[in-house]
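We name chains A, B, ... by the order of the sequence lines, and we start the count at 1 in each one.
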Amino acid sequence: GEDVEQSLFLSVREGDSSVINCTYTDSSSTYLYWYKQEPGAGLQLLTYIFSNMDMKQDQRLTVLLNKKDKHLSLRIADTQTGDSAIYFCAERDSGGYQKVTFGTGTKLQVIP
Amino acid sequence: EAGVTQFPSHSVIEKGQTVTLRCDPISGHDNLYWYRRVMGKEIKFLLHFVKESKQDESGMPNNRFLAERTGGTYSTLKVQPAELEDSGVYFCASSQGGINEQFFGPGTRLTVL
């Protein structure tokens, strides 16, 4: 079955860049997502990338996709304390059921 | 527009008891999903409704879990009888379908003692 892996924890200083990495196994993935979960809140879709793209930029966020290595990363420029949260990588396969497979989540801690 | 809501936000029950979780999707969303996150692990898909029909229930762990969506509006997820390993956060999400984003609720934290 599909598998998505992430490191569990990342700590950065305010103002630095954060890079959260993710690997996945399903070669038929069509969409890859980054979700953010703040304490006590639901999952918020941050950004997504189609599998035929290799980069997407949205303000402070840059998503890089290496489809050959099945590696996805999220870079947050000028990280702020408000960016502290759990970040989930997720992929959706090409099947009709739209099932989304999530990683374990990376807890980002921003140190002031 | 109201988002996806879930009730209760937290439930503590004893092993062997029954618990029913409720999800109210965004109005007009035909697709409704249930996911579960066990402590420190990945968020796992449980099932997917399209309106009132179960489209995919491949993630349901066993027959102690029963999901319904009568009338195609809100959904309930019943766990009967609850076991210790059922503890976790249960998320509900809804979408309009196609490639559209799944909007998540805040989750219900279930603790089975």
Check the hydrophobic clustering (I, L, V, M, F, W, Y; side-chain heavy atoms under 4.5 Å; chains of links allowed) and say if [X] and [Y] are grouped together.
X	Y	answer
A:Ile76	A:Leu43	yes
A:Val63	A:Tyr24	yes
B:Tyr74	B:Trp34	no

Using a cut-off of 6.0 Å, state whether more than 12 heavy atoms not belonging to A:Phe9 lie near its atom CZ.
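Yes, the 6.0 Å shell around CZ holds more than 12 heavy atoms from other groups.
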Under 4.5 Å heavy-atom distance to chain A, tell me which part of B:Ser9 shows up: side chain, backbone, both or neither.
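Answer is neither: B:Ser9 stays 4.5 Å or more from chain A.
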Please look at B:Arg37 and chain A and tell me whether the side chain, the backbone, both or neither of the residue comes under 4.5 angstrom of a heavy atom of that chain.
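When you check distances to chain A, only side chain atoms of B:Arg37 fall under 4.5 Å.
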Which heavy atom of A:Val100 sits nearest to which heavy atom of B:Phe45, and what is that distance?
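Scanning both residues, the minimum pair turns out to be O-CB, 4.2 Å.
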Please walk me through it: do A:Gln37 and B:Val89 pass side-chain contact (heavy atoms from CB on, under 4.5 Å)?
CA-CA 13 Å; A:Gln37 185 188 20; B:Val89 181; 5.6 Å; no
Just distance, no hydrogens or angles: give the donor-acceptor pairs under 3.5 Å from side chains in residues 67-74 of chain A, sequence neighbours left out.
from, atom 1, to, atom 2, distance (Å)
A:Asp69, OD2, A:Asn66, ND2, 3.1
A:His71, NE2, A:Asn21, OD1, 3.3

Drop me the distance from B:Lys41's NZ to A:Thr104's OG1, to the nearest 0.5 angstrom.
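Going from the NZ atom of B:Lys41 to the OG1 atom of A:Thr104 covers 10.0 Å.
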Could you walk me through whether A:Phe102 and B:Tyr33 pass the ring-ring contact (aromatic ring centres under 6.0 Å, His included) check?
CA-CA 13 Å; A:Phe102 287 85; B:Tyr33 309 82; over 10 Å; no
